[in-house]
Amino acid sequence: MANSQHDFAPLAALLTWYDKSARVLPWRARPGRRSDPYHVWLSEIMLQQTTVATVGPYFAKFLKRWPTVEALAAADLDQVLANWAGLGYYARARNLHKCAVVVAARGGDFPRTETELQELPGIGPYTAAAIGAIAFDLALVPVDGNIERVTARYLAVTGAMPGVKPELRDKAQFFKSDKRPGDVAQALMDLGATICTPRNPDCERCPIHVGCKAQSQGIAADLPKRAAKKPRPVRYATMFWLTRVDGKVLLQKRPEKGLLGSMLGLPTTDWTEEEDNAPESCAPAKSKWQAVPETVGHTFTHFHLEVSVLTGKTSRKEKAGEIWLLHEDFKNHAVPTLFRKVAKHVVGRKG
DNA sequence: GAGGCGTGGGT
DNA sequence: TACCCAAGCCT
């Protein structure tokens with residue numbers, strides 16, 4: 001459905017609004033200009049399920065350290081993971097590095113078609129369309145959560161998420177534009193982030209509220225409908241804070257894939273639905289283990305974890321594959337937030 | 001195709 | 001406080 005074949009007014013209104021009100025973001029070119037594809041790609045990967053405010057410092061740090069995709073490709077994966085630590089969804093960082101290697105091998109140029117972009121690691125339907133539209137001005141509509149919401153409201157699509165996603169992906173083609181497709185995409189995202197928000201949409205300030213079916217029906221705030229949320233199960237773990245005389249703490253490299261994959265972690269029992277009453281059988285060393293008062297809570301996407309901690313000392317020699325770090329040095333390594341939180345709990349308690 | 005996969009900010 | 005949920009991808 002080309003925009004020339006239907007109502008063009010909302011696209012024109014959107015672009016006029018964007019020219020005046022576009023958010024200034026570190027990875028974004030001014031309206032009417034294209035951004036560096038490397039910047040677009042890096043930001044889009046970081047922005048997957050992650051807020052603009054959170055991404056800002058990470059984007060700056062990565063760009064300073066690795067100014068080009070070739071530089072990123074040449075980096076050690078562990079360095080990439082260390083700099084990604086805290087951002088979450090660590091498969092993104094592993095795929096980021098993989099993708100950089102592929103792109104560097106083809107001369108540092110990102111492919112310029114939607115299909116080829118989507119073949120790269122970590123790039124799915126949304127990100128391929130986003131890079132295509134924003135970096136290369138391809139007439140594509142990257143359908144993210146913002147554009148799903150704007151589409152559901154503008155066209156009054158009343159089905160419930162996530163089942164309605166395919167319909168929204170189709171109907172979002174309403175916003176396909178041969179003219180400035182990248183700016184149209186970014187305008188829709190700004191609109192979704194600042195005006196057409198999930199709760200309390202500010203329809204009076206919306207540049208396309210004329211023509212918005214949900215607004216005219218008074219149901220904008222109720223769309224898109226969401227299925228009832230599932231309860232989040234609780235799991236329990238005991239972690240071991242083992243220190244040497246030099247003050248360094250034992251960390252272990254986690255399995256390559258899965259939860260917190262390829263990152264560093266404290267030695268831990270399995271994370272189970274019942275509290276473990278004999279955790280010391282999982283301890284990384286013999287020691288006079290002492291329980292730290294209070295547990296540490298940490299919520300993941302699909303469960304909540306309550307962590308008990310045992311502290312112990314050892315004088316044993318370093319084993320192969322072990323990583324011993326001072327707590328102050330955690331920030332320079334690939335230590336996820338969960339373990340930093342546990343560490344702070346232990347150290348803060350000692351004073 | 002449904003579920004695994006993090007975290008911090010907003011309300 | 002306790003939710004909600006954010007520029008999704010992969011299996």
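Every chain is numbered from 1, with letters handed out A, B, ... down the list of sequences. For the numbers below, each heavy atom of this structure counts, side chains included, while hydrogens, waters and symmetry mates do not. All of these numbers come straight from a predicted model, not from anything done at the bench.
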Test side chain to side chain contact (heavy atoms under 4.5 Å, CB included) applied to Val249(A) and Leu266(A), Leu326(A), Leu325(A), Asp329(A), the passing residue | Leu266(A)
Spell out yes or no: do the side chain of Thr50(A) and the base of dG6(B) have one donor N/O and one acceptor N/O closer than 3.5 Å?
-> yes
Within the modelled atom types, does a donor on one side and an acceptor on the other bring the side chain of Arg92(A) and the base of dA7(C) under 3.5 Å apart?
-> no
Out of dA7(C), dT7(B), dC4(C), which nucleotide sits closest to the side chain of Leu25(A)?
-> dA7(C)
Give a yes or no on whether a donor-acceptor pair under 3.5 Å exists between the nucleobase atoms of dG8(B), that is its base, and the side chain of Thr51(A).
-> no
Protein-nucleotide distance (Lys230(A), atom NZ; dC3(C), atom P), rounded to Å = 18 Å
To the side chain of Pro336(A), which of dT7(B), dA7(C), dG8(C) is closest?
-> dT7(B)
Closest listed nucleotide, where the reference is the side chain of Arg226(A) and the choices are dT7(B), dC5(C), dA7(C) = dC5(C)
Mapping Lys257(A) and Leu47(A) to their closest nucleotides on DNA chain C, which lands nearer the 5' end?
-> Leu47(A)
Which residue, Gly258(A) or Lys341(A), contacts DNA chain B at a nucleotide closer to its 5' end, judged by nearest heavy atom?
-> Gly258(A)
Nearest whole angstrom, please: distance from the P of dC10(C) to the CZ of Arg94(A).
-> 12 Å
Relative to the 5' end of DNA chain B, which residue comes earlier, Pro162(A) or Val335(A), by the nucleotide with the nearest heavy atom?
-> Pro162(A)
Closest to side chain of Leu259(A), choosing from dG6(B), dG9(B), dC9(C) = dG6(B)
Donor-acceptor side-chain pairing of Thr301(A) and Tyr89(A) below 3.5 angstrom | yes
Does the side chain of Lys229(A) get closer than 4.0 angstrom to OP1 or OP2 of dC3(C) through an N or O atom?
-> no
Closer than 4.0 Å, any side-chain N/O of Thr337(A) to the OP1 or OP2 of dG8(B)?
-> yes
Under 6.0 Å between ring centres, would you say that holds for Phe300(A) and His298(A)?
-> yes
Which of the following nucleotides, dG6(B), dC4(C), dA7(C), is nearest to the side chain of Leu260(A)?
-> dG6(B)
Residue mapping more 5' on DNA chain C - nearest nucleotide basis, Gly122(A) or Gln186(A) = Gln186(A)
Count the heavy atoms of every other residue, nucleotide or ligand shown that sit under 6.0 Å from NZ of Lys61(A), and state whether that count exceeds 12.
-> yes
Over 12 foreign heavy atoms within 6.0 Å of CG, Asn200(A) | no
Roughly how many Å is it from NE2 in His298(A) to P in dC5(B), rounded to a whole number?
-> 13 Å
Would you classify Pro125(A) as touching base, sugar-phosphate or nothing, given that sugar-phosphate means primed atoms plus P, OP1 and OP2, and contacts are heavy atoms under 4.0 Å?
-> sugar-phosphate
Measure from the side-chain heavy atoms of Phe300(A) and tell me the nearest of dG10(B), dA7(C), dT7(B).
-> dT7(B)
Give Gly86(A) one of three labels, base, sugar-phosphate or nothing, depending on what nucleic acid heavy atoms sit under 4.0 Å from its own.
-> sugar-phosphate
Indicate whether the side chain of Gln79(A) and that of Arg65(A) have a donor and an acceptor atom separated by less than 3.5 Å.
-> yes
Of the listed dA7(C), dG6(B), dC9(C), the closest approach to the Thr301(A) side chain comes from dG6(B)
When we call it a touch if two heavy atoms are under 4.0 Å apart, what does Ile147(A) touch: a base, just sugar-phosphate, or nothing?
-> nothing
So what does Ser43(A) touch, heavy atoms closer than 4.0 Å: a base, only the sugar-phosphate, or nothing?
-> nothing
Which part of the nucleic acid, if any, lies within reach of Trp27(A) when heavy atoms closer than 4.0 Å are counted: base, sugar-phosphate only, or nothing?
-> base
Do the side-chain N or O atoms of Tyr89(A) get closer than 4.0 angstrom to the phosphate oxygens (OP1, OP2) of dC10(C)?
-> no
Rounding to a whole Å, what distance do you find between Gln48(A):CD and dA6(C):C1'?
-> 11 Å
Pick one: which of Arg153(A), Lys165(A), Arg226(A) meets salt bridge (Lys or Arg N to Asp or Glu O under 4.0 Å) with Glu148(A)?
-> Lys165(A)
Grab the CD-C1' distance between Glu44(A) and dA7(C) for me, whole Å please.
-> 5 Å
Can you tell me how far P of dC4(C) sits from CZ of Arg232(A), to the nearest Å?
-> 8 Å
Closest listed nucleotide, where the reference is the side chain of Pro198(A) and the choices are dC5(B), dA6(C), dA7(C) = dA6(C)
dG4(B) C1' sits how many Å from His302(A) NE2, rounded?
-> 5 Å
Among dC5(B), dA6(C), dT7(B), the nucleotide that comes nearest once only the side chain of Leu338(A) is considered = dT7(B)
Among dA7(C), dC5(B), dG8(B), which is the nearest nucleotide to the side chain of Arg28(A)?
-> dA7(C)
Euclidean distance for P, dG6(B) against dT11(C) (whole angstrom) = 14 Å
Select base, sugar-phosphate, or nothing to describe what Val52(A) touches, counting heavy atoms under 4.0 Å on all strands.
-> base
May I have the distance from Glu148(A) (atom CD) to dC5(C) (atom P), rounded to whole angstrom?
-> 13 Å
Arg28(A) and Gln186(A) side chains, donor-acceptor separation under 3.5 Å | yes
Gap in Å between the two P atoms, one belonging to dA7(C) and one to dC5(B), rounded | 23 Å
